[in-house]
Structure formats: C-alpha cells, structure tokens
> 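After the structure tokens below, expect a handful of questions from me.
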Amino acid sequence: MGGTPTVLILGAGPTGLGVGLGLHLHGSRKTVLIAEKNDRPGGLAGSFAWNGQTIDFGPHRLSPQIPVVRLMAEELLGPDLLRQRAQHGVQMSGKCYQFPPRLLDWLSPPSAVLAASLGWSFLWSKLRWVTRRFSDDTFESTVTRKFGAKFYRTVAEPMARKVWADPATIEPGFVDQRFGILRPFKVLKDSLLPRQERNPSLFYYPRLGFQQLWDAMSASLAREGQEILQETVPTRIEVQKGRIVRVELKG
C-alpha cells in the first residue's frame with residue numbers, strides 16, 4: 001500500500017474489522033491499515049476445523065439489534081447467513097427458563113419453591129456479607145455474595161464446569177464480566193414487564209462458522225483498497241503531546 005496510512009488499527013478482530021468497514025460505510029476517504037498478530041482475522045471470535053467439523057472459538061450466534069450490523073452481515077454472506085428462530089434461557093432444576101424469566105414460568109409449584117429459595121438465599125447472602133465482608137474472594141464467594149448460594153449451586157457452578165473450567169480456578173473478577181447484566185430486582189421487573197431485546201427470537205449464524213464472516217469482512221476491506229497485515233505486531237509506539245505520532249511494525 002503506497003503512502004503512510006492515516007488510520008492504523010491494531011488487531012483484525014470483530015472490532016478492528018468493524019471500525020475499518022465503518023469508516024468506509026460513513027464515506028471516509030482515509031487510508032486504513034490493520035495489523036494483526038495472527039495468520040488470519042477474527043481473533044478469539046474465529047473458527048477452526050476439527051474432525052470434519054467447524055468449531056467457533058467464541059460466539060456461537062449473532063443477534064444484532066443494530067440494523068446496520070444485520071444488513072452488513074446479510075450483504076457480505078448472502079444465503080450463507082443462516083436465520084433461526086429460537087428462545088434461549090437458563091436450565092435450572094430440570095426446567096428451561098427464558099431470560100428474563102416469564103411470570104408464567106414461576107406459576108407451577110416446583111418453580112414457586114425454586115423462586116422462593118433463590119430469593120431467600122439472596123437475602124441471606126446480604127446478611128452474611130455484613131459479618132464476612134473481609135474474607136478472601138473466590139469465584140464461588142463472589143457469586144454467592146452477589147446472588148446467593150442457591151444461585152451459585154443451581155446456575156453458576158454448573159455453567160462454569162460446562163462452559164469454562166473448574167470454578168476454583170476462575171478469577172473473582174470474571175463474575176462482573178459474565179454476570180454483570182444480572183440484577184435480581186431488575187430481573188423481577190423484566191419478568192413483570194418483559195422487553196423483547198432481552199430475549200431476541202431471531203438469530204443469525206454463518207454457514208461455515210464465524211470465521212466466514214471475518215474473512216468476508218477482510219475481503220471487503222481489500223476490495224476498497226485497504227490492507228490487513230497478518231502476523232504483524234507493533235514494536236514501538238511514539239507519543240507526543242498525548243497523541244500517537246508513529247508506530248513501528250514487525251512482521
């Protein structure tokens with residue numbers, strides 16, 4: 001690519017690719033260079049082939065609530081962007097509850113007992129926190145403090161073992177990252193006054209895995225004269241008066 005890029009993006013993950021395409025969609029005439037340390041775009045949101053199957057590193061569905069994102073994915077992938085209507089939720093005590101749970105979900109006697117036990121456990125955790133606030137933080141103690149021991153045993157611990165790892169090896173800070181959206185009183189409010197965007201029914205998925213979407217975005221950038229340097233990392237960054245004025249790359 002001739003000349004010095006006016007926009008340098010570090011990382012060809014979904015955000016980096018999205019910024020590059022977004023500049024073009026908004027009519028920018030700036031030259032874009034994306035430096036990616038791996039040998040393909042996508043980062044931790046990519047896919048890999050194993051035993052004849054396509055497996056995603058990260059996301060496994062796309063439910064964009066921003067129309068321009070959906071339209072871009074449809075334009076890039078065409079018929080390879082699969083559409084599926086489905087509800088998702090949380091499995092608890094042998095029953096799948098939508099998220100946020102519907103009021104109807106709690107009307108059966110077993111569900112009412114579960115709701116009462118979750119509520120009591122939540123309140124009890126707040127009372128215990130008064131006397132145990134200076135105990136060592138672990139994934140279990142942090143979840144228990146925020147949501148109660150019943151929630152930990154019923155939801156958080158099984159989810160951790162199935163999706164991530166042994167709960168004892170998970171950093172406490174991960175609780176806010178993964179469960180930060182949960183607010184007990186807000187969940188109750190959303191159960192009484194549900195919002196469709198909390199539980200979208202239409203999902204999208206690239207036929208060949210999410211890697212297909214990132215490859216299509218990269219190809220679109222290349223057609224617009226932009227460049228992605230793979231297996232390239234920054235080795236030096238110069239800052240003057242709070243602004244980056246020079247970046248040296250190695251690849």
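Numbering starts at 1 and runs along the sequence shown. Note: hydrogens, waters and symmetry copies are ignored here, and every other heavy atom, side chains too, is used.
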> Would S141 and T144 count as having a side-chain donor-acceptor pair, cut-off 3.5 Å?
no

> Partners of R153 by side chain to side chain donor-acceptor pair (under 3.5 Å), sequence neighbours excluded?
none

> Backbone N or O of A149 within a donor-acceptor pair of the S121 side chain at under 3.5 Å?
yes

> Give the minimum heavy-atom separation between P14 and G42, together with the two atoms involved.
CD-O, 3.6 Å

> As an exercise, state the distance from OG1 of T232 to CG of L33, rounded to the nearest 0.5 Å.
8.0 Å

> NZ of K126: more than 12 outside heavy atoms within 6.0 angstrom?
yes

> I need the minimum non-hydrogen distance between T54 and G209, along with the two atoms involved.
CG2-CA, 3.9 Å

> Does atom CD (E75) have a neighbourhood of more than 12 heavy atoms from anything else shown, all under 6.0 Å?
no

> To the nearest 0.5 Å, how far apart are CD1 in I55 and CH2 in W50?
6.0 Å

> Taking all atoms of both residues into account, what is the closest heavy-atom pair of A12 and I228, and its distance?
CB-CG2, 4.2 Å

> Going by distance alone, is a donor N or O of one side chain under 3.5 Å from an acceptor N or O of the other, for Q53 and N51?
no

> Is the count of non-hydrogen atoms from other residues, nucleotides or ligands lying under 6.0 Å from R83 atom CZ greater than 12?
yes

> Can you classify the ring geometry of F147 versus F151 as parallel (below 30°), tilted (30 to 60°) or perpendicular (above 60°)?
tilted

> Under 6.0 Å from the CD atom of E171, do we count more than 12 heavy atoms belonging to anything else shown?
no

> Is the backbone of T31 close enough, under 3.5 Å, to the side chain of T6 for a donor and an acceptor to pair up by distance?
yes

> Please lay out, stage by stage, how Q211 and R40 fare under the test side chain to side chain contact (heavy atoms under 4.5 Å, CB included).
CA-CA 9 Å; Q211 189 64 48; R40 59 181 178 177; 3.9 Å; yes

> Step through it carefully: locate the ring centre of F57, locate the ring centre of F210, and say whether they are under 6.0 Å apart.
no

> Y204 vs R70, test: side chain to side chain contact (heavy atoms under 4.5 Å, CB included). Steps then yes/no.
CA-CA 9 Å; Y204 302 82; R70 175 179 55 80; 2.8 Å; yes

> Under 3.5 Å, side chain of S47 to main-chain N/O of D56, donor-acceptor pair present?
no

> Specify the closest pair of heavy atoms between D39 and Q230, including all atoms of both residues, with the distance to one decimal.
O-OE1, 2.8 Å

> Within a strict 4.5 Å, meaning less than it, do heavy atoms of the M72 and V68 side chains meet?
no

> Are the side chain of S117 and the backbone N or O of V113 linked by a donor-acceptor pair below 3.5 Å?
yes

> Taking a hydrophobic cluster as the set of Ile, Leu, Val, Met, Phe, Trp and Tyr residues connected by side-chain heavy atoms closer than 4.5 Å, whether directly or through intermediates, do L71 and L81 fall within one such cluster?
no

> Could you give the distance from CD (E231) to CG (N38), rounded to the nearest 0.5 Å?
8.5 Å

> Could you check whether any side-chain N or O of Q226 sits under 3.5 Å from a backbone N or O of H24, counting only pairs where one atom can act as donor and the other as acceptor?
no

> About how many Å separate OG1 of T142 and CD1 of I170, when rounded to the nearest 0.5 Å?
11.0 Å

> Step by step, would you call R145 with D137 a salt bridge (Lys or Arg N to Asp or Glu O under 4.0 Å)?
CA-CA 10 Å; R145 184 178 72 246; D137 280 338; 3.1 Å; yes

> Any side-chain heavy-atom pair from L213 and L77 closer than 4.5 angstrom?
yes

> Given the rule in the side chain to side chain contact (heavy atoms under 4.5 Å, CB included) test, do L114 and K150 qualify, once you have shown the distances and angles that lead to the verdict?
CA-CA 9 Å; L114 176 62; K150 179 71 174 180; 3.7 Å; yes

> Only one of I34, L17, L21 passes side chain to side chain contact (heavy atoms under 4.5 Å, CB included) with S218; say which it is.
L17

> Where is the tightest heavy-atom contact between V7 and L23, given as atom of each residue plus distance?
CG1-CD1, 4.0 Å

> Would you please test L229 and E227 for side chain to side chain contact (heavy atoms under 4.5 Å, CB included) and show each step?
CA-CA 6 Å; L229 298 179; E227 187 175 2; 3.1 Å; yes

> Below 3.5 Å, can you tabulate the donor-acceptor pairs from side chains in residues 240-251 to any protein atom, sequence neighbours excluded?
residue, atom, partner, partner atom, Å
R246, NE, E248, OE2, 3.4

> Under 4.5 Å between side-chain heavy atoms, counting indirect links through other Ile/Leu/Val/Met/Phe/Trp/Tyr residues: same cluster for L208 and L62 or not?
no

> Side chains of Q212 and D80: donor-acceptor distance under 3.5 Å anywhere?
yes

> Tell me, do P234 and L10 make a side-chain contact under 4.5 Å, heavy atoms counted?
yes

> Can you tell me if W214 uses its side chain to pair, donor with acceptor, with the backbone of A45 under 3.5 Å?
yes

